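Here is the naming used below: chain letters follow the sequence lines, and residue numbers restart at 1 for every chain. Source: prediction; values computed, not measured.
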There are 2 protein chains.
Amino acid sequence: MFTLSEENYLKAIYHLESGSEKGISTNAIAKSLETKASSATDMIKKLSEKEVVFYKKYQGVTLTDFGKKTAANIVRKHRLWEVFLVERLNFSWDEVHEVAEQLEHIKSPKLINQLDALLGFPTHDPHGDPIPDKDGNINAVDKILLANLTKNERGVCVGVHDSSSEFLRFLDKKGITLGKEITVLEKEDFDDSLLIEIDAEKLSISKKIANNLYIQK
Amino acid sequence: MFTLSEENYLKAIYHLESGSEKGISTNAIAKSLETKASSATDMIKKLSEKEVVFYKKYQGVTLTDFGKKTAANIVRKHRLWEVFLVERLNFSWDEVHEVAEQLEHIKSPKLINQLDALLGFPTHDPHGDPIPDKDGNINAVDKILLANLTKNERGVCVGVHDSSSEFLRFLDKKGITLGKEITVLEKEDFDDSLLIEIDAEKLSISKKIANNLYIQK
DNA sequence: ATTATTTTTTAGACTTGTCTAAAAATTATT
DNA sequence: AATAATTTTTAGACAAGTCTAAAAAATAAT
Ligand SMILES: [Mn+2]
Ligand SMILES: [Mn+2]
Ligand SMILES: [Mn+2]
Ligand SMILES: [Mn+2]
């Protein structure tokens, strides 16, 4: 069994690993958990002792198969709870993260399986992120950033890269939600902004926004 | 804000207070939390510092108004989660306690208010215990122990005194659940057992059972 | 190839919550 | 009232998790 702190480190390493081949650096872990590198080193040793990570001094860290499965299970719980909060308790997608950070640590296999069933076995959370199954497997969809679409291309908004409250509330304000169809009408060269069509309306989108919205063609 | 440990001590004191006038002893707290008296003394000092309990050395401890409200809120969360687990996630009443012990520490007022609404503002948990409202008030019902009924008296089963898994599963096996009507047909003097009628069937009940079942006349 | 910079680890300290063993206070017994 | 038994508190220690400051290793720059 793992402590709350150990689980948070495992999850951080899991997220950092998806998106880089090499071992995850002590600094990267510390930054992601808003703690100090020395604390990360201490915890890495404990995790290595418990055989959820491979660790050689100065070489960074990688999850073992057991570690991957354990981490995926925490992510699974986090995302299922997010779905529950949005679908059943009327939370908006920018309010769920903090609460899910707590709920993901509740230990009860039956609870999470029944929750999964209650929600109809959802495949994605409110931010479009995939929900791992019981074995930790995720079926990845081929989504690309809106910024990478070319003129006149079209697709459905299926996820966000940045899931901060600020960004999510901004999207709400602009009427951009998951499931909506977006067409790129223009790409402005001098500021990299996009003119898009959504809900039969024209909307100008900055490069920053376009770099944080996932589209499925 | 209170730590998980502080919350558990507060809840223990809250439960011990209902059922005795005087201050709660260090030993009683320690026993109820399965810890040592010295640990209880340490924690009592912290709680006193935070002004949730009154404490004078060797005099035992009592909750302040603030402490009562804080403790009642934890009990509120515990019992609402128990209702959720039974009514929505198909847990049986003997499986919920351990999970509710964890869930009661989740910090989110919106979560608990929405959960309350989702469940239709329940007044009692699956064991018949009252759910405090947001201000910590409970409306007590006048329930008595089955053992205190006299011959030919009748009432509805509304709660359990012992809520251990063992006792609850025993009740399930005998077909005794909350809401059922029970009539006392005989009271045997030599072993204090009861002959009751439930679901139009006769059933013999030991003194121990009768002392742990609450009835509303 | 040295030197400088950055990253990582170690050493020592602190907090929270717990424990054991001993001292102090309270309560019960004679 | 004095002694015995019990309860409560204190003193000191320990594990988990964190921090700062300093040392060691790795990487970058000259
Ligand atoms: Mn989240
Ligand atoms: Mn999410
Ligand atoms: Mn319970
Ligand atoms: Mn209960």
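For residues 11-37 of chain B, the set of pairs meeting the ring pair (Phe, Tyr, Trp, His ring centres under 6.0 Å) definition, not counting sequence neighbours, is empty. Residues in residues 86-99 of chain B take part in these salt bridge (Lys or Arg N to Asp or Glu O under 4.0 Å) pairs, two or more places apart or across chains: A:K110-B:E95, B:D94-B:R169. Listed by first and then second residue, the side-chain hydrogen bond (donor to acceptor under 3.5 Å, both in side chains) pairs involving residues 115-138 of chain B are B:R76-B:D116, B:E82-B:H127 (not counting sequence neighbours).
One interatomic measurement links the two molecules: CD1 of A:I24 to P of C:dT8, which rounds to 11 Å at whole-angstrom precision. Counting to the nearest Å, the P atom of C:dT15 and the NZ atom of B:K45 are 16 Å from each other. Between the C1' atom of C:dT16 and the CG atom of B:L4 lies a distance of 12 Å, rounded to the nearest Å. A straight line from NZ of B:K22 to C1' of C:dT27 spans 12 Å, rounded to a whole angstrom. If you measure from atom OH of B:Y58 to atom P of C:dA23, you get 13 Å, rounded to the nearest angstrom. Spacing between atom CG of B:L10 and atom P of C:dG17 amounts to 12 Å, rounded to whole angstrom units. Atom C1' of nucleotide C:dT16 and atom CG of B:L47 are separated by 13 Å, given to the nearest angstrom. The CG-P distance, from B:N8 to C:dG17, rounds to 11 Å in whole Å.
Nearest nucleotide to the A:T41 side chain, out of C:dC19, C:dT16, C:dT8: C:dT8.
If B:E34 and A:K56 are placed on DNA chain C by their nearest nucleotide, the residue sitting closer to the 5' end is A:K56. A residue-by-residue look at B:Y55 and A:K57 shows that B:Y55 has its nearest nucleotide of DNA chain D further toward the 5' end. When the nearest nucleotides of DNA chain D are assigned to A:K36 and A:T3 by heavy-atom distance, the more 5′-ward of the two goes with A:T3.
Heavy atoms of A:S39 sit under 4.0 angstrom from at least one base atom. If you check every strand for non-hydrogen atoms under 4.0 Å, B:S38 touches a base.
Evaluation of the salt bridge (Lys or Arg N to Asp or Glu O under 4.0 Å) rule for A:K46 yields no partner, not counting sequence neighbours. Under the rule for a ring pair (Phe, Tyr, Trp, His ring centres under 6.0 Å), B:H105 has no partner lying at least two apart in sequence or in another chain.
Under the 4.5 Å side-chain criterion, counting only non-hydrogen atoms from C-beta, A:I112 is in contact with A:L115.
Taking a heavy-atom distance under 4.0 Å as the criterion, the stretch of DNA chain D touched by chain A extends 5' to 3' from D:dA16 to D:dA26.
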Using the salt bridge (charged side-chain N to carboxylate O under 4.0 Å, His left out) rule, take B:K11 and B:E6 through it: C-alpha gap first, then chi angles, then the decisive distance, then the call.
-> CA-CA 9 Å; B:K11 191 160 62 97; B:E6 288 168 343; over 6 Å; no
